[in-house]
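Within every chain, numbering begins at 1; the chains are lettered A, B, ... in the order of the sequence lines, protein sequences first and strands thereafter.
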Amino acid sequence: MRQVELRYNPAQIDRKWQERWERDGLYRVSDEGPRPKWYELTMYPYPSGDLHIGHWYSLAPSDCHARFRRMQGYNVLHPMGFDAFGLPAENAAIKRGIHPYRWTMDNIDNMRRQLRTIGAIYDWSREIVCCLPEYYKWNQWLFLQLYKAGLAYRTRFPAVWCPSCQTVLANEQVINGRCERCDTPITRRELDQWFLRITRYAEELLDFSGLMDWPQRIITMQRNWIGRSEGVEVGFDISHYGLDEREIRVFTTRIDTIFGVTFMVLAPEHPLVARLTAPERRQEVEAYVEATRRESEIERLSTDKEKRGVNIGAYCVNRLSGEKVPIFIADYVLLWYGSGAVMGVPAHDQRDFEFARRYGIPIRVVISPPDWNGEELKEACVEEGLMVNSGPFNGLPSERGKDTVADHVEEHGWGRRAVTYHLRDWLISRQRYWGTPIPIIFCDRCGPIPVPEEQLPVLLPEDTEFKPTGESPLARHPVFPHTICPQCGGQARRETDTMDTFFDSSWYFLRYTSPSHSEGPWDPTVAGKWCPVDQYTGGAEHAVMHLLYARFFTKALRDLGLVTFGEPFLRLYNQGTILSGGAKMSKSRGNVATPDDYVRVFGADVVRCYLMFLGPWEQGGEWSDSGINGAARWLNRVWEIYSKPHPELPKRSELDDNYAKTDELLRRELHRKVKQVENDLDKFKFNTAIAALMTYTNALPSALDARAVSKETWDEIVNVFLRLLAPISPHLSEEMWEKNGLPYSVHSQPFPKWDEGLVTAETVTLVVQVDGKVRDRLQVSVGINEQEAKRLALESARVKQHTGERTVVDLIYVPGKLVNVVTKR
RNA sequence: GCCGAAGUGGCGGAAUGGUAGACGCGACGGUCUCAAAAACCGUUGGGGGCGACCCCAUGCCGGUUCGAAUCCGGCCUUCGGCACCA
């Protein structure tokens, strides 16, 4: 894999400095100190067993950025830990007979070792592992605070079910109707479940103004996911059946079309279905409900499927028109949106149109389409228009009609304006073992009772059979479920479901600030100093899961008085994915590059450099063995040039004029590079920062060979260059820093500053165009004035050649850059 | 279907209204070597010309501008997200 012969021993240098930094506690972070704080967090890894290139790709550049901030003078917290609860541990346990705890902790040991080889500034004394009771105790404590605040509740609901993972999931964990983890098509299952009331924060979650710099793409995804829509909730009368429910409530965004309602559709799961169904339709209705239940979500929601349903033989009354409206059930209506019922307006909604056509339901136009003369519609008309066939509202433009009809409905008490969201409450129950037990006790007499805080943590028992059965493995534990009611002292049983692991990651950034605090989930004083996170980095796949949950949590914690801020992550940067053979690396594809192998032969810095150089970080890119050789070749050359002192170089005063000019140019160029590298690193543009350092290095050997560099300049070059290189290549830069006799450590040095006077060139290339095409380039002094520049341009022989006989009609001047000679054509 | 991002040499990419292709990879030629590797030097978008140079070229078509990879409009392709949301 390696073709480059390195002139240094990477393994030795890596080890030497990693041990030294560790011994000196160089990266130990203090909560105190005069420097401004900077909390730079990268999403913590799941301890899957081995660190792969994808981990390096997300971790090494973020370490580089954190190191850069550190050198800029910030007190930087850049912690690391493990997202240690979750299904793979259980699956491994089932497959290989290892306990999930053992499997997870062994993996963590291995990954911790591998993580150290990156040479990052992680302060390991702050590590967190969220499957340990010290951590999940606080999951339980936080759950209880949410419960007491009414933000956690339990209800029976047809929840998303993954038949393979044998557990319910949150809506956010469904990707195209499939389980986010195992890609199995999901179904629904009605169970008693714990939910967090994220919908209470829907409106606030749509407000992104508290963020400083998030990718627009993620904001848009969250906005779409929350999916706000405004409309009217209106009741259709069913009091003629003498039930407790006197109406069917529907949500509509088109209240202006209510006179066009010719049928009503309930979701098959709607609680009124059983009560309203006419006896002669019962059999057919039950068969349909059962068939819907068996369908996978993908089948049910397939848009190209024909709309089918069943008339349940009942009717409701449209209070505005007084008309009787027949009631159907159909699987395209979802119980979990709006009120689980839809008013059918076939003329103005394509789905309703298709349904009505199939069942011969009248299609009544109530919004006149443009240039419509009463003929039958070929498809639903969803455009605006004038209201017709709408009693007192005839002639109103539909847009105005929305308000007028809504007022009318509200005045009569038939309904009210309402806002509905696509976002639903976060289902956190899981019927699996390897997670945080939900700290609730069920007592037949007292109902659900929170576990008293002094009894926390509710420990996850070790001796459990954890095969998934659709019920939590804890339920069959001989001891765990049985307990005493904390309120009445009677026999009671524990909640046996565990928490979604996204619960853990919703607040872990707080725990890093005080990881061993035992009085609470975090030390409020310390957390208050560090939080919120200034810069967060990680993959975009968490847009509507982790990132949305953490925002919700933070707002809820703020309202509980536990934190003082409302947004957890002020700036967000999403790196791309590293590919191999054009595909995501995976064991099953057999295209996994193992970082350990590359680190062994190239050293950490070459791997870091390559990953940062291969393209813009946000785009990801292709892993390539020849590419990494390029990085090795470059660092090798860097080593050749900067690792040894050059005592033979002349003093600046001894240089002859020609060489003095080169010397000066090298200094100027150096300062330009400082400016560029600082700007690039600030914006995560590692690839162009490295390219700048490469360009600079390429210019040195010839100058050195010719001894056209003074000792003074050379000392400055080495000193500045190694500091620019330090965040990118921490081990080699430290080694070279030492070899040049500079005081330990390069990583404790400030990031170089540039001299603006040197950055500004003395001469510039004046580009001369004729009619927009470059015809000449002139070296002119930087202070050249407009008149002089134009004169030089017109005098240029090449310009004359191209203007020929034509008249010059205009001269465009861009100061210090360009003259465009415009001719009459 | 809707929303969003992207499209530049053989390849990864640079340039965000002013020198298109920085930097790197690969390839080719050379130096060194018995030979190879490494290293070093050179060439490397296409076409034309002996040459100085010239023409063409940033997915396609049009527009704005003295000047467009960059801004605007339309289209094509790829990727991502959402998708019977009432």
Side-chain angles (χ1 to χ4, degrees), chain A residues 2-7 175-177 215-225 227-229 231 250-254 257 265 267 300-305 307 330-334 336-345 348-352 354-355 420-424 540-541 543-544 576-577 609-610 613-616 618-619 621-631 633-634 636-637 640 685 687-698 701 765-777 798 801-802 809-814 817-823 825:
Chain A
R2 191 178 86 190
Q3 295 142 21
V4 180
E5 273 178 34
L6 296 176
R7 308 279 167 85
I175 313 288
N176 295 327
Q216 196 53 48
R217 181 171 49 116
I218 302 289
I219 290 177
T220 306
M221 277 156 109
Q222 291 204 352
R223 193 175 283 134
N224 291 343
W225 185 259
R228 185 181 197 277
S229 58
V250 300
F251 174 77
T252 178
T253 54
R254 292 297 305 271
T257 65
V265 193
R300 176 167 181 177
L301 295 182
S302 163
T303 32
D304 39 48
K305 192 181 73 170
K307 309 235 167 322
D331 63 1
Y332 77 87
V333 176
L334 307 172
W336 36 93
Y337 185 78
S339 53
V342 172
M343 60 182 215
V345 186
H348 305 291
D349 181 288
Q350 190 55 30
R351 294 154 301 173
D352 296 345
E354 288 166 29
F355 192 82
T420 320
Y421 301 90
H422 170 227
L423 180 75
R424 273 155 249 149
E541 66 274 16
V544 294
T577 313
C609 278
Y610 174 59
F613 182 66
L614 94 179
E618 69 203 327
Q619 277 174 34
E622 177 78 17
W623 176 265
S624 122
D625 276 8
S626 55
I628 197 171
N629 269 299
R633 210 169 282 148
W634 178 60
N636 207 23
R637 226 165 27 235
E640 286 284 288
K685 290 167 74 177
N687 56 330
T688 48
I690 293 174
L693 295 180
M694 285 175 168
T695 312
Y696 191 71
T697 303
N698 289 345
T765 309
L766 185 74
V767 172
V768 185
Q769 298 180 331
V770 176
D771 295 325
K773 292 198 174 184
V774 179
R775 296 306 180 187
D776 205 358
R777 300 179 171 101
R798 295 188 191 177
Q801 193 185 324
H802 284 279
V809 294
D810 201 3
L811 286 172
I812 308 285
Y813 178 62
V814 182
K817 268 188 165 172
L818 176 138
V819 176
N820 189 11
V821 180
V822 186
T823 68
R825 273 167 285 183

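Using a 4.0 Å heavy-atom criterion, one finds that A/Glu354 contacts no nucleic acid atom at all. Within the 4.0 angstrom heavy-atom criterion, only backbone atoms of the sugar-phosphate kind lie near A/Val774; the bases stay farther away. Within 4.0 Å of A/Ser229, counting heavy atoms only, lie sugar-phosphate atoms of the nucleic acid but no base atom. No engagement by A/Gln350 is indicated, since no non-hydrogen atom pair under 4.0 Å with the nucleic acid exists. Contact annotation for A/Arg351: base contact, defined as any heavy-atom pair under 4.0 Å involving a base atom. Among the protein residues, A/Leu614 comes within range of the sugar-phosphate backbone only, with heavy atoms under 4.0 Å from sugar or phosphate atoms but none that close to a base. Counting non-hydrogen atoms under 4.0 angstrom, A/Gly621 reaches nothing in the nucleic acid. When heavy atoms are screened at a 4.0 angstrom cut-off, A/Val544 is found touching no nucleic acid atom at all. Looking at heavy-atom distances under 4.0 Å, A/Lys307 makes contact with a base.
A sub-4.0 Å separation between OP1 or OP2 of B/rC55 and a side-chain N or O of A/Arg775 is present. Checking the phosphate oxygens (OP1, OP2) of B/rA86, no side-chain nitrogen or oxygen of A/His348 falls inside 4.0 Å. Distances shorter than 4.0 Å separate some side-chain N or O of A/Lys773 from OP1 or OP2 on B/rC56. For B/rC53, one of the phosphate oxygens OP1 or OP2 lies less than 4.0 angstrom from a side-chain nitrogen or oxygen of A/Arg798. Within the 4.0 Å cut-off from OP1 or OP2 of B/rC85, not a single side-chain nitrogen or oxygen of A/Asn224 is found. Contact check, A/Arg633 against B/rC25: a side-chain N or O comes under 4.0 Å of OP1 or OP2. One finds no side-chain N or O of A/Lys685 lying less than 4.0 angstrom from the OP1 or OP2 phosphate oxygen of B/rU16. Between A/Arg254 and B/rA86 there is no side-chain N or O to OP1 or OP2 distance below 4.0 Å. Here A/Asn629 does not reach the OP1 or OP2 of B/rC25: none of its side-chain N or O atoms lies under 4.0 Å away.
Minimum heavy-atom separation, A/Asp625 to A/Ile628: O-CG2, 3.1 Å.
Applying the ring-ring contact (aromatic ring centres under 6.0 Å, His included) test to A/Trp225 and every residue at least two apart in sequence or in another chain returns A/His422. For A/Tyr610, the ring-ring contact (aromatic ring centres under 6.0 Å, His included) partners at least two apart in sequence or on another chain are A/Trp623.
Distance A/Phe355 CZ to B/rC84 P: 17 Å, rounded to the nearest Å. Rounded to an integer number of Å, the gap from CG of A/Asn687 to C1' of B/rC25 is 14 Å. A straight line from CZ of A/Phe613 to P of B/rA14 spans 10 Å, rounded to a whole angstrom.
Where A/His802 and A/Glu5 each meet RNA chain B at their nearest nucleotide, the meeting point lying more 5' is that of A/Glu5. Looking at which nucleotide of RNA chain B each of A/Thr220 and A/Asp352 is closest to, the 5′-most match is held by A/Thr220.
Against the 90° criterion about 0, the sugar-base torsion of B/rG42 places it in the anti range.
We find the CD-CG distance between A/Glu5 and A/Asn636 to be 9.0 Å, quoted to the nearest 0.5 Å.
Applying the 3.5 Å distance criterion, the base of B/rC85 shares a donor-acceptor pair with the side chain of A/Arg424. One donor-acceptor pair, N or O on each side, does fall under 3.5 Å between the base of B/rG18 and the side chain of A/Gln769. Within 3.5 Å, a donor on the side chain of A/Asn820 pairs with an acceptor on the base of B/rC66, or the reverse.
Nucleotide B/rA22 forms a pair with no other nucleotide shown, judged by Watson-Crick or G-U wobble geometry with both contacts under 3.5 Å. Within the shown strands, B/rU78 is the pairing partner of B/rA5 under the Watson-Crick or G-U definition, both distances less than 3.5 Å. Using Watson-Crick or G-U wobble geometry with both donor-acceptor distances under 3.5 Å, B/rU70 finds no partner in any strand shown.
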